[in-house]
Number of protein chains: 2
Amino acid sequence: MNKETRTQCTRNASRQRREQQKEELRQAILDAAAELLLAHGYEGFSLRQVAEQIGYTPTTIYLYFEDKADLLFAVVDSAYADFSRRLQAAYDSADDPLQRIRVLGRAYIDFGLANPVVYQLIFVQRTDFLLTWRQGEQQPRASALLILLRAVEEAQQTGVVRPGDVQSLGDALWAMVHGLVSLAIGMPMFDAARSRAASETALDLMIDALRA
Amino acid sequence: MNKETRTQCTRNASRQRREQQKEELRQAILDAAAELLLAHGYEGFSLRQVAEQIGYTPTTIYLYFEDKADLLFAVVDSAYADFSRRLQAAYDSADDPLQRIRVLGRAYIDFGLANPVVYQLIFVQRTDFLLTWRQGEQQPRASALLILLRAVEEAQQTGVVRPGDVQSLGDALWAMVHGLVSLAIGMPMFDAARSRAASETALDLMIDALRA
DNA sequence: AAACCTAATTAACGGTGTTAAGTATATTCG
DNA sequence: CGAATATACTTAACACCGTTAATTAGGTTT
């Protein structure tokens, strides 16, 4: 091993180490941001608090994220992937087309109730996130909801669901579950029991109504 | 007419004039606030802009309203009264219990689509306003929604609506219309045509599902 | 050892809601 | 009529916020 290759190696190693440290700080920012977002909600979330939490100046965050929106987008990224995965799992879990719609709706509602802050952020306060996408992603995040449409369409084709404009039927289904989650999350008078009862009733009504 | 009564009169007159001026400025603040709220939305609404609009310092507003929330509450007060009135009118406009529910839902949706900023403020961003009430009001604003419950309950008693927990059925109905308005208002991909189509479909589904 | 690059900082700008202290005007009283 | 007082409004300030430009400190490369 000659001199040149050795210096080459150490150079690579040091660069790698630096990049890893950078990645670690980026992750630390993400973790702190996620924690503070959950703790204080969207309205009470501030970059300065994130900076203080990790022991850096606020401006440092701008070396790792474009701006506040970019950081928030990254924070809810994993949560959104989880949401998408759960919908897919629900879709796969049922064979009966009508039951599949019900399970999908239930999965949607369950996610919203289990992750109120993230749900509110994505589907209420920053709906622009749904149509935004990063480099490396081909589809906007809203495309995860296409699975609802597909379930309705397939159920319609097998004849178990009433005919009609698929988009409108899908929108109605989306409105139903979104409305349920929004009320349950946002309205102080909706406690867990009332939310659960309303969800059950609403899903029953929806499935009954869709039936051909 | 002796001296004392005359001074008494002028005193009262001047006080009345002062109070009227005060009332006028209060109204000017309200008007400016309403205009700016509609123009910039809840997030972009600021007391300093209101102050500049009426040609006063921001602190002056605090002589007429407790704080920002108090001003906003007052701003949407008339809009909420209008909302309440429209629901009542819809209720009164139909005789058939099932049709009454449909008309109520339509009135709810129409109000939301016609007043997106106000709807968003009351039912999304500041849901605490629904449970807050001023002196002189016996009921919180959310009580206007009890008319939905009543319509469901009466339709149920006449046998045209399926049996079941009234509150849950009412909540499901509320969730449906609230979800529709929320999506139509908040989601960029919902244009007027799509919102209208989804509303029609959803109302059809809802009425069908409620039917005994 | 000097030059360079990079990560982080400091300082600042313009904005927000809100409070305390001060001022000027109009009203009341002796 | 002049002095005291009450009222309406302003000024100044505090503590935040997101964001940008200029600057410093430290490690890497030459």
Side-chain angles (χ1 to χ4, degrees), chain A residues 3-29 32-33 36-37 40-75 125-126 128, chain B residues 3-29 32-33 36-37 40-75 125-126 128:
Chain A
K3 232 183 209 169
E4 292 169 12
T5 56
R6 198 176 58 213
T7 58
Q8 191 72 22
C9 285
T10 60
R11 186 188 321 192
N12 283 351
S14 88
R15 187 159 90 186
Q16 204 170 346
R17 192 178 56 239
R18 276 193 299 116
E19 280 184 1
Q20 191 196 337
Q21 280 179 359
K22 208 163 146 76
E23 191 51 46
E24 275 172 9
L25 181 48
R26 188 189 144 90
Q27 194 56 49
I29 294 174
L36 289 174
L37 177 64
H40 305 133
Y42 175 70
E43 312 253 87
F45 176 81
S46 87
L47 291 184
R48 293 183 125 101
Q49 280 180 32
V50 173
E52 193 186 14
Q53 171 110 347
I54 60 174
Y56 285 82
T57 14
T59 51
T60 303
I61 298 178
Y62 285 87
L63 301 174
Y64 296 84
F65 298 93
E66 262 195 16
D67 53 13
K68 188 183 183 182
D70 188 43
L71 173 56
L72 277 173
F73 192 91
V75 165
Q125 275 124 339
R126 296 303 300 262
D128 55 310
Chain B
K3 231 181 206 169
E4 291 167 10
T5 56
R6 199 175 58 213
T7 59
Q8 190 74 22
C9 284
T10 61
R11 187 188 318 191
N12 282 350
S14 89
R15 187 159 92 187
Q16 204 170 345
R17 194 177 55 236
R18 279 193 297 115
E19 279 183 2
Q20 190 196 336
Q21 279 180 0
K22 208 162 148 83
E23 190 51 48
E24 275 172 11
L25 181 49
R26 188 190 144 92
Q27 193 57 49
I29 295 174
L36 289 174
L37 177 65
H40 305 133
Y42 175 70
E43 310 253 88
F45 177 81
S46 86
L47 290 184
R48 293 182 124 100
Q49 279 179 33
V50 173
E52 194 186 13
Q53 170 110 347
I54 59 173
Y56 285 82
T57 4
T59 49
T60 302
I61 298 178
Y62 286 87
L63 301 175
Y64 296 84
F65 298 94
E66 262 197 15
D67 53 13
K68 189 183 183 182
D70 188 41
L71 173 56
L72 278 173
F73 191 90
V75 165
Q125 276 125 339
R126 296 302 301 263
D128 56 310

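Not measured: the values here are computed from a predicted model. Reminder, nothing fancy here: chain letters follow the sequence lines and each chain counts from 1.
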- Can you check each nucleotide of nucleotides 20-25 of chain D against protein heavy atoms at under 4.0 Å and return B for base, S for sugar-phosphate only, - for none, in 5' to 3' order? BB----
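B/Leu63 has its CG atom 13 Å from the P atom of C/dA20, to the nearest Å. If you take CG of A/Leu71 and C1' of D/dC17, they are 15 Å apart, rounded to a whole angstrom. As a whole-Å value, the separation of A/Glu24 CD from C/dA8 P is 12 Å. The CD1 atom of B/Ile61 sits 11 Å away from the P atom of C/dT16 (whole-angstrom rounding).
Contacts between residues 45-54 of chain A and DNA chain C, defined by a heavy-atom separation under 4.0 Å, are made by A/Arg48.
Residue-level contact check: A/Tyr64 touches the backbone only, with heavy atoms under 4.0 Å from sugar-phosphate atoms and none from bases.
Residues passing the salt bridge (charged side-chain N to carboxylate O under 4.0 Å, His left out) test with B/Asp67, sequence neighbours excluded: none. Here B/Glu52 pairs with nothing under the side chain to side chain donor-acceptor pair (under 3.5 Å) rule; sequence neighbours left out. With sequence neighbours left out, B/Phe65 forms a ring-ring contact (aromatic ring centres under 6.0 Å, His included) with no residue at all. In terms of the ring-ring contact (aromatic ring centres under 6.0 Å, His included) criterion, A/Phe45 has no residue partners (sequence neighbours excluded).
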- Task: May I have the step-by-step check of side chain to side chain donor-acceptor pair (under 3.5 Å) for A/Glu23 and A/Gln27, ending in yes or no?
- Result: CA-CA 6 Å; A/Glu23 191 51 46; A/Gln27 194 56 49; over 6 Å; no
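Side chain of B/Lys68, nearest nucleotide from C/dG17, D/dG18, C/dA7: C/dG17. Comparing C/dT9, C/dA7, D/dT10 against the side chain of B/Thr57 picks out D/dT10 as the nearest.
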